[in-house]
Amino acid sequence: MTHISPAVVPAPGKAITLAFNDNALLPLLLGDHDRHLVRLEQGFGVRLACRGNKVAISGEPDRVQAAQAALTGLWKRLERGEAVASGDVDAAIRLLSGADDDPRLPLSDLPAIRTRRGAVGPRSPGQSAYMDMLARHEMVFALGPAGTGKTYLAVAQAVAMLLAGRVERIVLCRPAVEAGERLGFLPGDLKEKIDPYLRPLYDALHDMMPGDQVIRRMSTGEIEVAPLAFMRGRTLSHAFVILDEAQNTTEAQMKMFLTRMGEGTRMVVTGDLTQIDLPPGTRSGLRDAVETLEGVQGIGFARFNTRDVVRHPLVGRIVDAYDQRAAAVRESRRGATRREIDGPAPT
C-alpha cells in the first residue's frame, strides 16, 4: 500500500519533506503544471518545492504543519480512488487555515454524507459543524451568505437518509415571494409558474442521484418539491423536510411550516438574513424564529460566514464588501441620529 513518509530536514520545525511512493498518483496530487501546489503555497503562505517523488515544505512552523496536513489528506483521497480537483484543494485550505483558533478533525477523518453518487464531504469549518448537526438534530436552522452549501448539504443528508430507509420521503419547499401578485401573469400552468423558484432544489437533487431515479421518486411521491403555500394544513411524518430561502417567509408562514412536523420527521430551515425580499415593513419569519427558538432543546443553529463560501473565491470577497458598506451606512445613520439628539455643536 502506498504511503507518505515525512522526514525532517535541517531547520527543524520550519521545513519538512514528504515522500510519495506512488508515481502514478503523484501527478494527480500536484495538478496540471503543479497548479495544486501553487494554490497550496498561496493559501498557506509556505514554499513548496517538488523534486522527484518528494515535496519540500518550508515556512512558519504552524503554516508548514497545516500544509503538511492538507497534502496528507489529499493524498489519502487519491489512495481511496477519489479525485482531487481545484475545489478539493481550496476546501483543504479553508479547513486547515487558522487551525489554532478553530480546531477540526484531521482532513482525512472529516464526516461525509454518503449517497449513491458518492460521498459528500465538508469544504469549510462551518460545513463540518453543520454536517455533524444535521446528523444529530431533528430540526436545524442554517444561516449565512450565499455559496456556503446550506441547501446543498441539507439535500445530501435528505437523500442519504431516504436511501438508507431512515425517512420515507423528502419534501423540499421555498417561498415564491418574488412572484407575489404577478404569479398569475406568468405564462404556463401553476407548475410552470413556480418551477423557476424551485430550480436550485431540483439541481441539488440531480447532483445526489441519477436523473431517472429523481423523476421516478417524484412520480411516486417519495420526493416532493413544492412552494411553501402548499404546506398549509398538512402533517408531515417520517419525512425529511427542507425550507429554503426562509428569510422570505412571514412570521405566520414560518410558524405554520414549523408546526407541520410529525413523528419521525427531520426539518432543515435555510436562509440568508441579509437578502430579504419581503415588502418593506414585513418582518422576516426566519429572523423571528431564530430570536424565538434559539436555546430550545433539540434545535440546532448553524451559522456560516464568508470563510465558509465554497463558490469562486471572489464570492466571499463580494459578500465582505457588501457587509462592510452596510456597516458603514449603519454607522453613518447612527452618527446623524446622535447629532440630531445632541443639537449643533457649541461655537
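- Here the closest heavy-atom approach between residue Lys255 and residue Thr259 is recorded as O-OG1, 2.8 Å.
- The shortest heavy-atom contact between Val64 and Ser58 is CG2-C, 3.7 Å.
- Of the possible donor and acceptor atoms, none in the side chain of Ser237 sits under 3.5 Å from a partner among the backbone N and O of Gly262.
- Inter-residue side-chain proximity for Gln42 and Ile93 is flagged as unmet; no heavy-atom pair is nearer than 4.5 Å.
- Residues Cys173 and Phe257 are in side-chain contact: their nearest non-hydrogen atoms beyond the backbone lie under 4.5 Å apart.
- A heavy-atom distance below 4.5 Å is found between the side chains of Glu41 and Arg47.
- In summary, the side chains of Glu251 and Gln253 do not present any donor paired with an acceptor at a separation below 3.5 Å, with no hydrogens or angles considered.
- Using modelled atom types, one side-chain atom of Gln247 and one backbone atom of Asp272 make a donor-acceptor pair closer than 3.5 Å.
- For Arg325, the CZ atom is loosely surrounded, since the number of other residues' heavy atoms within 6.0 Å does not exceed 12.
- With hydrogens and angles disregarded, a donor-acceptor distance shorter than 3.5 Å links the side chain of Arg77 to the backbone of Ala83.
- Proximity of Thr274 to Tyr322: side-chain heavy atoms (C-beta onward) are nowhere separated by under 4.5 Å.
- Contact of the Arg266 side chain with the Leu134 side chain is not registered, since no non-hydrogen atoms from C-beta on lie closer than 4.5 Å.
- Separation of atoms CZ (Phe44) and CZ (Arg39) is listed at 9.0 Å; rounding is to 0.5 Å.
- Under the side-chain contact (heavy atoms from CB on, under 4.5 Å) rule, Ser284 has a single partner from Leu273, Asp277, Val290, which is Leu273.
- Looking at Phe240 and Val268, their side chains come closer than 4.5 Å, going by heavy atoms from C-beta outward.
- In this structure a side-chain-to-backbone donor-acceptor pair under 3.5 Å is present from Asn53 to Phe20.
- If you run side-chain contact (heavy atoms from CB on, under 4.5 Å) between Val55 and each of Asp34, Leu30, Thr17, Leu40, only Leu30 comes through.
- The closest side-chain heavy-atom distance from Asp308 to Tyr130 is not below 4.5 Å.
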Please determine whether side-chain contact (heavy atoms from CB on, under 4.5 Å) holds for the pair Leu293 and Leu258, giving the CA-CA distance in whole Å, both sets of side-chain angles, and the decisive distance to 0.1 Å.
CA-CA 11 Å; Leu293 300 176; Leu258 296 177; 3.6 Å; yes
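- Across Gln275 and Ala146, no two heavy atoms sit closer than the pair NE2-CB, 4.3 Å.
- Placement of Tyr202 and Ile215 in two distinct hydrophobic clusters is found when ILVMFWY residues are connected by side-chain heavy-atom separations under 4.5 Å, directly or transitively.
- Atom CZ of Arg174 and atom CG of Asp244 lie 4.5 Å apart (nearest 0.5 Å).
- What you find for Pro145 and Lys150 is that their closest heavy atoms are O-NZ, 3.0 Å.
- A donor-acceptor pair under 3.5 Å links the side-chain atoms of Thr72 to the main chain of Gln68, judged by distance alone.
- Listed by chain and residue number, Arg303 satisfy the side-chain hydrogen bond (donor to acceptor under 3.5 Å, both in side chains) test with Glu294 (two or more places apart in sequence, or in another chain).
- Note: the hydrophobic cluster containing Met256 also contains Val296 (ILVMFWY, side chain heavy atoms under 4.5 Å, direct or indirect links).
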Could you please spell out the steps behind the side-chain contact (heavy atoms from CB on, under 4.5 Å) verdict for Leu71 and Leu37?
CA-CA 9 Å; Leu71 282 166; Leu37 284 192; 4.2 Å; yes
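- Ile170 contributes atom CD1, which lies 4.5 Å from atom CG of Leu162 (distance to the nearest 0.5 angstrom).
- A 4.5 Å side-chain heavy-atom check between Thr151 and Pro200 finds every atom pair outside the cut-off.
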Is there a side-chain contact (heavy atoms from CB on, under 4.5 Å) between Arg169 and His238 once you walk through the steps?
CA-CA 7 Å; Arg169 56 184 169 146; His238 305 290; over 6 Å; no
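- Of all heavy-atom pairs spanning Ala226 and Met231, the tightest one is CB-CE, 4.2 Å.
- Residues that satisfy the ring pair (Phe, Tyr, Trp, His ring centres under 6.0 Å) test with Tyr152, not counting sequence neighbours, are absent from this structure.
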Quick one, Trp75 with Asp22, criterion side-chain contact (heavy atoms from CB on, under 4.5 Å). Give me CA distance, side-chain angles, the key distance, then yes/no.
CA-CA 10 Å; Trp75 182 258; Asp22 188 331; 3.9 Å; yes
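- With sequence neighbours left out, the side-chain hydrogen bond (donor to acceptor under 3.5 Å, both in side chains) criterion links Arg234 to Glu224.
- A donor-acceptor pair under 3.5 Å is absent between the side-chain atoms of Lys54 and the main chain of Ala49, judged by distance alone.
- Contact detail for Ala67 and Val46: the closest heavy-atom pair is CB-CG2, 4.0 Å.
- The structure places CE of Met254 at 5.5 Å from CG of Leu243, a figure rounded to the nearest 0.5 Å.
- Remark: Leu26 CG to Leu78 CG distance equals 9.5 Å, nearest 0.5 Å.
- Rounding to the nearest 0.5 angstrom, the gap separating the CG atom in Leu205 from the CE atom in Met218 is 7.0 Å.
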